[in-house]
Enquirer: 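I'd like to ask some things about the structure below.
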Amino acid sequence: MDHWNAIETQPASTLKNLFEADPQRTKQFGFEQSGIYFDFSKTHMDSALLESFQKLAADRNLSDEIEALTSGVAINPSEGRAAEHTAERGIGLETSVENAQLLKNRMQALVQAIEAGALGEIEYIIHLGIGGSALGPKLLLEALKIGDEKYQTAVISNIDGCALEPVLERFDAHKTLLVIASKSFTTAETFLNARSVTDWMKEQGVSDPFGKIIALTAMPDKAVEWGIDESRILPFSETVGGRYSLWSSIGFSAALTLGIEVFNDLLTGAAEMDEHFRQTPFERNIPVLAAFCDQYYSQVRNCETRAVFAYDERLRLLPDYLQQLEMESNGKSVMADGKPLDRHSSPIVWGGIGTDAQHAVFQLLHQGTHLVPVEFLAVIEPGHSLAAEHHQGLLLNCFAQSAALMAGKTSDDSNRNYPGDRPSTTLLLDDLDGRTLGALIAFYEHRTFANAVLLGINPFDQFGVELGKEMANALLAGDSNQMDASTEILKNRAFSV
Ligand code: F6P
């Protein structure tokens, strides 16, 4: 039986008809978990489609794959290893969970030592890292800071000096802690920035810059080689993927800045979502249902993108974080067995914040020719103390947009016609705190995994990023033999002035 064929040939109802036909729809497709309400009712998912997707999931052994993910089985075949980010939250192979806990205790001890002044007076933290070694910590800091933190923390990723220089101008080198976050401890951007920061410290007269460096890495030997004392290296397991690493010591700068309790709440929220993912039947399993919807829009409705709009400034970095998580995981053309993938892989994930995006890109969502499933996020508890109108306006705008996308509006004037029937999901958080954010991020991780299993791809490698790195290294080494004429001209034009 071709389960994809059954899904693709399922008769399609409009959202309006689905609501009319089933007044219980919001009950069937609305779920609460860890302080978050997930509303899938404004998607085209219905009982028949759900049944077909459940058959596909059974065929793809999704239950066994979830079990394998959360019990330390080597489910990353191209690199021959497990993907143990859940062990960081206490769910996984016993030895891995114990090891993660030991490393967490070490991290906590270092946080406490720094707070107690073991590294002198620290007011500033420069966290250097890129990709998964930056996006997670940055998201946590931006989402959970309340404004009275003891440290000013800057996360710098780009090799472009425009990112680092203003920080060096602002910070006092004598009171700065340098945190180098790199799973491989080799990434070019991170180490050029690290050299510039240590040079700056020396120029500013810091007597022992290396005494103020913390390394977060799965390659502690390389950090030792780089000159960092073992007591200031916080290792994590190689089986934790870079884009799944914020739960490990990669979260150190966020834990130090926000407080270890907040970081522990984050792990608790994620563990709750892990348990939900492991134990809940698919028709109520939130990450699995989200993946069913993703696959429906991607494969059946040919949607090439999915948009995420956070109606909360504190979550403004969420789309950036999700872009790496989903596109680096599932942007593949081959399946786990090496055979070509004969359907769409990850959609292009993009987004922004509400209400700003309404006045910029929502035109296309309401009337454009591309169908774009939209994900709305909002938080019931405001993150500020200004007049209630601000938050009311924010939330009601969010709800109005999903209602308008679905309802549409007919007009004799084609310019003013809204086709409607445009799908969205809404994630409504009771509050934005460690627990809800942990559960939210874990939800996205598991949704990405469930999508990969349905497609048969390995979400845990990222060979696609290597060729560009190789060619950049060749250019940096002055070797342009392999380059095309266009690249040659660009290079000559840039460096002959
Ligand atoms: O080049 C891609 C990548 O390997 C990501 O997967 C990773 O998150 C990022 O680079 C940073 O790598 P590292 O933590 O090893 O410096």
Side-chain angles (χ1 to χ4, degrees), residues 75-76 78-85 88 103 107 126-141 155-160 163-164 178-198 213-226 228 233-254 317-332 345-346 349 441 444-445 448-449 452 457-476:
I75 51 165
N76 172 356
S78 62
E79 294 174 309
R81 63 185 181 213
E84 297 198 279
H85 41 286
E88 298 291 324
L103 295 174
M107 169 165 128
I126 300 180
H127 174 111
L128 302 179
I130 198 162
S133 294
L135 290 163
K138 227 172 165 171
L139 171 66
L140 298 186
L141 285 160
V155 177
I156 302 298
S157 48
N158 203 341
I159 197 170
D160 183 353
L164 179 59
L178 170 58
V179 179
I180 304 176
S182 176
K183 180 178 174 186
S184 60
F185 223 71
T186 54
T187 304
E189 290 91 333
T190 301
F191 286 92
L192 183 56
N193 280 329
R195 227 178 308 133
S196 294
V197 176
T198 49
I213 303 180
I214 311 285
L216 320 174
T217 184
M219 296 290 162
D221 294 351
K222 288 201 175 130
V224 172
E225 266 169 48
W226 208 78
I228 302 170
I233 298 173
L234 294 175
F236 65 95
S237 167
E238 216 195 332
T239 55
V240 175
R243 54 190 170 276
Y244 301 87
S245 65
L246 68 91
W247 324 96
S248 72
S249 66
I250 291 292
F252 169 78
S253 303
L317 297 179
L318 187 67
D320 293 14
Y321 180 83
L322 295 180
Q323 283 180 330
Q324 186 196 19
L325 176 64
E326 299 192 35
M327 291 160 73
E328 197 170 60
S329 295
N330 289 347
K332 314 269 167 75
S345 64
S346 169
V349 179
I441 298 172
Y444 281 113
E445 287 179 348
T448 303
F449 178 72
I457 61 183
N458 172 11
F460 297 116
D461 61 15
Q462 60 284 322
F463 293 108
V465 301
E466 295 307 324
L467 178 60
K469 281 187 201 170
E470 252 171 56
M471 289 174 83
N473 285 338
L475 283 175
L476 281 162

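Each ligand, and each atom within it, is numbered from 1 in the order the structure gives.
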Enquirer: Side chains of N458 and N76: do they bring a donor and an acceptor to under 3.5 Å?
Expert: yes
Enquirer: Looking at atom 8 (O) of ligand 1, what's its closest protein heavy atom, distance included?
Expert: G132 N, 2.8 Å
Enquirer: Would you call the rings of H85 and F460 parallel, tilted or perpendicular, where under 30° means parallel and over 60° means perpendicular?
Expert: tilted
Enquirer: Scan L216, T217, L234 and name whichever one has a side chain to side chain contact (heavy atoms under 4.5 Å, CB included) with I250.
Expert: L216
Enquirer: How far is atom 12 (O) of ligand 1 from its nearest protein heavy atom, and which residue and atom is that?
Expert: T187 OG1, 3.5 Å
Enquirer: Before accepting this row, confirm whether a basic side-chain N of the pair K222/E225 lies closer than 4.0 Å to the acidic partner's carboxylate O.
Expert: no
Enquirer: Would you mind checking which non-hydrogen protein atom is closest to atom 15 (O) of ligand 1, with the distance to 0.1 Å?
Expert: S184 OG, 2.6 Å
Enquirer: Checking a contact table here: which protein heavy atom is nearest atom 3 (C) of ligand 1, and how many Å away?
Expert: E328 OE2, 4.2 Å
Enquirer: Among protein heavy atoms, which lies nearest atom 4 (O) of ligand 1, and at what distance?
Expert: K469 NZ, 3.9 Å
Enquirer: If you measure from each heavy atom of I130 to ligand 1, is any distance below 4.0 Å?
Expert: yes
Enquirer: If you define the side chain from C-beta out and look only at heavy atoms, does anything of E84 sit under 4.5 Å from F236?
Expert: no
